[in-house]
Amino acid sequence: MNVSGVLVPVVVSALAVVSNPGFAQSLKEEYWEKIISLSEVPQAAIDAAQKALGTAPTEAKLIQGTSPQEYELEAPTKSDGKMSVHVLANGKVIKLEHEEKGKD
């Protein structure tokens, strides 16, 4: 078997995985998230996150490249999972997510 007979299926398979929208989206989100200190988050965003989460956030991420500026604030749940909320600097809630322990 020649090299191109082996290489072509491998390249096609790799492209199929990378071009999958779910794969690309997860890479994109991870690339644009930057962990920051809670003290770097505007108070309006923290207040809105606390109200949405039902508890004070314990971790903050800056979503780079967003305009207006978006933050992801997280807090643990009672069931050892975590909840996160995406908020704008002005306190507008964009999205609320709930992740159970052991699920990514």
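These values consider heavy atoms only, across backbone and side chains, with no hydrogens, waters or symmetry-generated copies.
A distance of 7.5 Å separates NZ in Lys95 from OG in Ser84, rounded to the nearest 0.5 Å. Between the CG atom in Leu73 and the CE atom in Met83 there is a gap of 12.0 Å [rounded to 0.5 Å]. Once rounded to the nearest 0.5 Å, the distance linking CG of Asp80 with CD of Glu99 reads 12.5 Å. The OH atom of Tyr71 sits 10.5 Å away from atom CD1 of Ile63, with the distance rounded to the nearest 0.5 Å.
Residues Ile46 and Ile94 are members of separate hydrophobic clusters, defined by side-chain heavy-atom contacts under 4.5 angstrom among Ile, Leu, Val, Met, Phe, Trp and Tyr. Leu96 and Val41 fall within a single hydrophobic cluster, where Ile, Leu, Val, Met, Phe, Trp and Tyr are joined by side-chain heavy atoms under 4.5 Å apart, directly or via other members. Grouping the Ile, Leu, Val, Met, Phe, Trp and Tyr side chains by contacts below 4.5 angstrom, directly or via other members, places Ile36 with Val85.
In terms of modelled atom types and a separation under 3.5 Å, the side chain of Gln50 and the main chain of Asp47 share no donor-acceptor contact. Of the possible donor and acceptor atoms, none in the side chain of Glu72 sits under 3.5 Å from a partner among the backbone N and O of Lys34.
Using a 4.5 Å heavy-atom threshold, the side chains of His86 and Glu97 count as touching.
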Discussion item. Set out, in order, the CA-CA distance, both residues' side-chain angles and the distance that settles side-chain contact (heavy atoms from CB on, under 4.5 Å) for Glu40 and Leu62, then state yes or no.
Written reply: CA-CA 9 Å; Glu40 296 177 66; Leu62 176 75; over 6 Å; no
Item to complete: Would you sort out whether Leu88 and Gln69 count as a side-chain contact (heavy atoms from CB on, under 4.5 Å), showing the intermediate values?
Response: CA-CA 6 Å; Leu88 299 180; Gln69 186 58 63; over 6 Å; no
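The only member of Gln64, Lys61, Glu70 that meets side chain to side chain contact (heavy atoms under 4.5 Å, CB included) when paired with Glu33 is Lys61. The side chain to side chain contact (heavy atoms under 4.5 Å, CB included) with Pro76 is formed by just one residue from the set Leu53, Thr58, Thr55; it is Thr58.
Looking at every heavy atom in both residues, Gly91 comes nearest to Ala48 through O-CB, 3.0 Å.
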